[in-house]
Amino acid sequence: MTGPVPRPGVLAIEPYQGGKSKDTSFIGKLSSNEAALGPSPRALEAYAQAAALVHRYPDGGAQLLREAIARHHAVELDRVVCGFGSDDILQLLARGYAGPGDEVLYSEHGFLIYPIAAHAVGATPVASKDDGYTVSVDNMLNCVGERTRLVYLANPNNPTGTYIGRDELERLHAGLPEHVVLVIDSAYAEFVDDPDYDSGQELASWAPNVVMTRTFSKIYGLAALRVGWAYGAPGIIDVLNRLRGPFNVAAPAQAAAVAALDDREFFDKARAHNTRWRDWLFQRLGGLGLSVVPSAGNFLLIDFGAPERAQAADAYLRDRGWYLRRMESYGFPGHLRLTVGTEAENRGVTDVLAAFMEPARG
Ligand SMILES: *Cc1c(COP(=O)(O)O)cnc(C)c1O
């Protein structure tokens, strides 16, 4: 008995493995780029209040949430669509624009949801070579062909933490044929301090083939609630509205996201915390003799020099209750990714890493 056979591409999907979380005996879980300070207390309050109305369907148009997004980001309401996490939107874009025979382009060390989204619709994922740890616009453009339908760019990228600046982003867009959709995944935009960074909002405001995706899972600390959004060309937003589930964002999630956006004080605190401790971790890990990729996000990619060394470090950390993210699936078997945590977590995890590095240095 063989049973029903799924559509082409489905069995080519490598199921996405998140940062370890099932084991609750950890001291520090720094494996999934979750918010160090958690969510805004006002978001939690709004979430709790929404509990009284869970027998009602949510507002399928997410009107209040889209209004809050439009207000805070100075974008047009009609060009915003919300999703069940930004993952929902990334997958819908593949469904809307690619299929068997089409190519979906992303960068070598790009976010692993992109090849999954491509396979899920029977399209062929194509990975362009990076330039070291950074996306190479030239290599990406060289991979664009007649069959290319969609280009996914995480900027900053996960797991490298690097980004391409405004000029490079514009050059990438300028080099793409008009029928190719450029998806700028700016999940970590809020963490970036550099003046030459552009979240893609500018391009998404006028170009007919650009869409920017954002999330409440990272700086807003609402990963469990699954809220993301997209802003872009009216034609693309229309496609997303047709394909999305009519009630794709739960009501308590919408309420929490609105409150999170409105709590600017907490947002500023979360941002300042990240900048401070990202710098601190970079220095401290460097001081231990580890090579760390400079990051614009809320995480750091650490190079242990060899796969065995990264595995040993991971085992050493786990034995002591610390979870980092293994990087084999991203093509970095000699690296681990560390999320910026609370002060206690940052100090704790680097103390353990210092002890791990000790014999090697002595
Ligand atoms: C975490 C992350 C997201 C966010 O996904 P959600 O589905 O919104 O939780 C999107 N893109 C990248 C590159 C990420 O690292």
Side-chain angles (χ1 to χ4, degrees), residues 16-19 21 29-36 38-39 43 62 65 69 80-94 104 106-118 120 125 127 130 133-135 150-164 169 182-192 197 199-200 211-231 240 244-245 248-250 253-254 256-257 260-261 270 274 278 293 295-301 324-325 327 329-332 337-340:
Y16 181 82
Q17 309 234 342
S21 62
K29 178 181 175 292
L30 301 169
S31 57
S32 298
N33 299 348
E34 292 152 348
L65 175 53
I69 290 166
V80 175
V81 58
C82 294
F84 181 60
S86 53
D87 180 41
D88 181 22
I89 291 165
L90 296 169
Q91 306 259 6
L92 290 175
L93 285 162
V104 170
Y106 67 110
S107 68
E108 191 183 359
H109 301 295
F111 192 38
L112 280 180
I113 293 293
Y114 310 149
I116 291 177
D130 283 338
Y133 289 106
T134 310
V135 167
L150 215 60
V151 175
Y152 286 111
L153 173 79
N155 205 37
N157 184 47
N158 171 18
T160 53
T162 60
Y163 71 95
I164 58 169
L169 190 61
L182 174 60
V183 183
I184 305 170
D185 175 353
S186 304
Y188 300 96
E190 291 87 352
F191 296 112
V192 188
Y197 174 73
S199 62
V211 60
M212 166 185 75
T213 62
R214 305 289 289 259
T215 183
F216 282 90
S217 302
K218 302 289 154 58
I219 200 161
Y220 291 106
L222 298 175
L225 298 187
R226 317 301 307 123
V227 192
W229 54 279
Y231 167 71
L240 290 170
R244 72 180 173 86
N248 60 340
V249 187
Q254 292 185 31
L261 273 176
N274 189 69
R278 180 180 59 202
V293 183
S295 169
N298 68 336
F299 55 89
L300 292 160
L301 186 63
L324 272 61
R325 181 67 187 271
M327 288 282 114
S329 53
Y330 282 96
F332 291 123
R337 192 191 64 199
L338 169 72
T339 305
V340 175

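Sequential numbering from 1 along the given sequence is applied to the chain's residues. As the structure lists them, so they are numbered: ligands from 1, and atoms in each ligand from 1.
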Undergrad: Does N248 reach the main-chain N or O of C82 with its side chain, forming a donor-acceptor pair under 3.5 Å?
TA: yes

Undergrad: Touching ligand 1 at all, Y188? Heavy atoms, strictly under 4.0 Å?
TA: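 Yes.
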
Undergrad: Please check if the side chain of N274 supplies one atom and the backbone of G297 the other of a donor-acceptor pair under 3.5 Å.
TA: yes

Undergrad: Atoms of ligand 1 less than 4.0 Å from A187 heavy atoms?
TA: 2 (C), 3 (C), 10 (C), 11 (N), 12 (C), 14 (C)

Undergrad: Return the residue, atom name and 0.1 Å-rounded distance of the protein heavy atom closest to atom 2 (C) of ligand 1.
TA: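 Sorting protein heavy atoms by distance from atom 2 (C) of ligand 1 puts K218 NZ, 2.4 Å first.
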
Undergrad: Using the six-membered ring wherever Trp is involved, compare the ring planes of H109 and F332 and label them parallel, tilted or perpendicular (cut-offs 30° and 60°).
TA: parallel

Undergrad: Name the closest protein heavy atom to atom 9 (O) of ligand 1, giving the residue it belongs to and the distance to 0.1 Å.
TA: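 Scanning the protein heavy atoms, the shortest distance from atom 9 (O) of ligand 1 goes to S217 OG, 2.6 Å.
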
Undergrad: At the 4.0 Å heavy-atom cut-off, does G228 count as touching ligand 1?
TA: no

Undergrad: Go through the structure and list residues passing side-chain hydrogen bond (donor to acceptor under 3.5 Å, both in side chains) with N157, not counting sequence neighbours.
TA: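 Partners of N157 under the side-chain hydrogen bond (donor to acceptor under 3.5 Å, both in side chains) test: T160.
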
Undergrad: Judged by atom type as modelled, is there a donor-acceptor pair below 3.5 Å linking the side chain of R278 to the main-chain atoms of F191?
TA: yes

Undergrad: Between Y114 and Y152, how do the two ring planes meet: parallel, tilted or perpendicular, split at 30° and 60°?
TA: parallel

Undergrad: Between D185 and ligand 1, which part of the residue brings a heavy atom under 4.0 Å of the ligand: side chain, backbone, both or neither?
TA: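 Contact part for D185 vs ligand 1: side chain (C-beta onward).
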
Undergrad: Which protein non-hydrogen atom lies closest to atom 7 (O) of ligand 1, naming both residue and atom, and how far is it?
TA: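 Looking only at protein heavy atoms, the one closest to atom 7 (O) of ligand 1 is R226 NH2, 2.6 Å.
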
Undergrad: Ligand 1 and D87, any nitrogen or oxygen pair closer than 3.5 angstrom?
TA: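 N/O-N/O distance below 3.5 Å exists for this pair.
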
Undergrad: Taking only heavy atoms of G85, which atoms of ligand 1 are found under 4.0 Å from at least one of them?
TA: 7 (O), 8 (O)

Undergrad: Is it the case that the side chain of T339 and the backbone of L30 share a donor-acceptor pair, with hydrogens and angles ignored and the cut-off at 3.5 Å?
TA: yes

Undergrad: Nearest protein heavy atom to atom 5 (O) of ligand 1, by residue and atom, and its distance?
TA: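 For this ligand atom, the closest protein heavy atom is S86 OG, 3.3 Å.
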
Undergrad: Not counting sequence neighbours, which residues clear side-chain contact (heavy atoms from CB on, under 4.5 Å) with T134? List them please.
TA: T162, I164

Undergrad: Flag N33 as yes when one of its N or O atoms lies below 3.5 Å from any N or O atom of ligand 1, and as no otherwise.
TA: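 No, no N or O pair falls under 3.5 Å.
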
